[in-house]
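This report concerns only the one structure given below.
Chain letters run A, B, ... following the sequence lines, proteins first and then strands; every chain starts at 1.
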2 protein chains.
Amino acid sequence: MMPGKQPRTRIQKKNTETILEAALEVFSQHGFRGSTLDQIAKAAGLSKPNLLYYFPSKVAIHRALIDELMQNWLDPLRKIEADGEPVEELLAYVLRKLEMAREFPRESRLFANEIVQGAPNIMDKIEGELKSLVDEKARVIEGWIASGALAPVNPYHLIFSIWSTTQHYADFDAQVRAILQPEGDAHFEDAAAYLDTLFRRMLTP
Amino acid sequence: MMPGKQPRTRIQKKNTETILEAALEVFSQHGFRGSTLDQIAKAAGLSKPNLLYYFPSKVAIHRALIDELMQNWLDPLRKIEADGEPVEELLAYVLRKLEMAREFPRESRLFANEIVQGAPNIMDKIEGELKSLVDEKARVIEGWIASGALAPVNPYHLIFSIWSTTQHYADFDAQVRAILQPEGDAHFEDAAAYLDTLFRRMLTP
DNA sequence: GTCTATAAGGTGATAGAC
DNA sequence: GTCTATCACCTTATAGAC
């Protein structure tokens with residue numbers, strides 16, 4: 001009777017997922033304001049009122065998507081282990097982020113759309129969860145530097161540069177492809193090699 | 001009688017500029033679809049019909065803004081001199097781009113909004129002007145590498161990484177400030193130092 | 001659970017007075 | 001050149017039949 005929170009039947013679960021998949025496609029391409037329920041309904045193969053049977057409002061669909069995204073978005077950063085080999089831990093993080101940009105470009109653009117516009121819906125999560133995690137990992141990095149296993153570097157700007165260089169291949173995909181012209185996804189291999197070199201030279205003591 | 005192309009009087013020129021300034025503020029924050037003429041009119045201190053006296057339509061305002069932006073956007077890249085000292089030329093380019101992110105964050109976000117959404121209005125300029133310029137500078141960089149003055153590096157991905165790391169401080173400003181908390185613009189100094197080190201280590205043979 | 005019909009409000013653009 | 005008034009359309013959301 002009132003789905004949206006916890007779908008009961010198989011059909012409800014399936015439709016909820018179909019809607020979120022369609023909404024991801026639309027929101028990531030046009031932003032929140034630029035997307036309409038008509039577009040999402042059409043992409044989901046449902047009628048507009050039926051859409052609103054599963055979610056109470058447009059903003060509820062967007063919120064569900066953002067919540068789901070924030071769950072997974074920080075995983076690669078969480079995986080950095082304080083007792084690993086510093087340079088390799090960070091290079092593995094770079095590769096994981098690049099892999100996410102290739103596998104989940106729509107999620108990356110959904111996030112980018114949100115931040116570029118001032119993060120109106122996720123500022124609490126950024127100031128809370130995200131900042132805490134970054135602070136924690138920054139201390140790990142500082143520890144590595146103190147031990148001499150890592151070249152001295154501002155940990156926050158290091159993390160920013162890892163985010164920006166990797167997410168660039170998802171968020172600015174249209175520009176990247178226009179400049180590299182014919183190649184399909186082949187440039188991801190080159191990007192991986194380039195970023196490995198870039199950060200290896202930066203981080204090796 | 002028909003401004004928008006070439007304003008004749010001083011008042012027309014001033015109003016046109018006021019409108020573009022207001023439109024930059026609004027479009028860069030909300031994207032094209034998310035912005036309304038009401039918002040722009042209010043920000044410009046004009047009535048909506050008066051706005052449409054100076055520009056024939058909403059899209060015309062946006063186009064004027066984008067055209068103006070593309071004029072200046074490529075300047076820092078153009079300034080790279082083939083007969084300069086390679087590493088210093090490129091590091092100066094990094095600094096110029098970072099300076100632009102600090103001075104013109106709204107322009108950067110206007111551009112980012114456009115690209116993230118697939119560059120619907122500027123794909124021709126990206127495939128034309130921008131690509132040509134990047135190809136040209138890529139050849140310059142390859143020449144430097146061949147001469148041994150620069151470490152071997154993929155010139156295209158080098159340029160992408162310079163764009164992404166510098167523009168990040170404008171486009172993802174909300175996130176950067178949330179994570180670095182109290183500091184105002186102070187982090188730009190740290191960013192400049194960090195990026196100088198990052199690219200110096202990458203590029204020095 | 002899903003549809004048609006429609007309400008209610010916003011939005012781009014125009015007409016016409018001043 | 002600038003305003004008030006207004007049109008035509010689009011968009012979110014709801015009501016009610018089936």
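Taking atom CZ on B/Arg33 and atom C1' on C/dG10, their separation rounds to 12 Å, with Å as the unit. Residue A/Tyr53 contributes atom OH, which lies 17 Å from atom P of C/dT4 at whole-angstrom precision. Atom C1' of nucleotide C/dA8 and atom NZ of A/Lys58 are separated by 16 Å, given to the nearest angstrom. Here C/dG1 presents its C1' atom at 20 Å from NZ of A/Lys13, a figure rounded to the nearest Å. To the nearest angstrom, C1' of D/dA13 lies 12 Å from CD1 of A/Ile61. Here D/dT11 presents its P atom at 8 Å from CD of A/Gln39, a figure rounded to the nearest Å. Following rounding to the nearest Å, A/Leu37 (CG) and D/dA13 (P) show an atom-to-atom distance of 6 Å. The separation between B/Leu51 atom CG and C/dG12 atom P is 10 Å, rounded to whole Å.
Applying the 4.0 Å criterion to OP1 and OP2 of C/dT11, one finds that B/Ser35 has every side-chain N and O outside that range. Residue A/Asn15 places at least one side-chain N or O closer than 4.0 Å to OP1 or OP2 of C/dT2. In terms of phosphate contacts, A/Asn50 brings a side-chain nitrogen or oxygen within less than 4.0 Å of OP1 or OP2 of C/dC3. An OP1 or OP2 oxygen of D/dC3 is reached within less than 4.0 angstrom by a side-chain nitrogen or oxygen of B/Ser47.
The nucleotide whose nearest atom lies closest to any side-chain atom of A/Thr9 is, among D/dA5, C/dA13, C/dG1, C/dG1. Candidate nucleotides C/dT14, C/dC3, C/dG1 were compared by shortest atom distance to the side chain of A/Pro49, and C/dC3 ranks first.
Contact check on B/Asp75 versus B/Lys79 returns no salt bridge, with no Lys/Arg side-chain nitrogen under 4.0 Å from an Asp/Glu carboxylate oxygen.
Closest-nucleotide positions on DNA chain D for B/Gly45 and B/Lys48 were compared, and the one nearer the 5' end corresponds to B/Gly45.
Between B/Phe27 and B/Phe32, the ring planes are parallel. Angles under 30° get that label, and only those over 60° would be called perpendicular.
Seen from the ring of B/Tyr93, B/Lys137 does not count as a face-on cation partner, given the 6.0 Å and 45° thresholds. Geometrically, A/Lys97 engages A/Trp73 in a cation-pi contact, judged by NZ or CZ lying under 6.0 Å from the ring centre and within 45° of the ring axis.
Aromatic rings of B/Tyr169 and A/His157 (six-membered ring for Trp) have centroids within the 6.0 Å cut-off, being under it.
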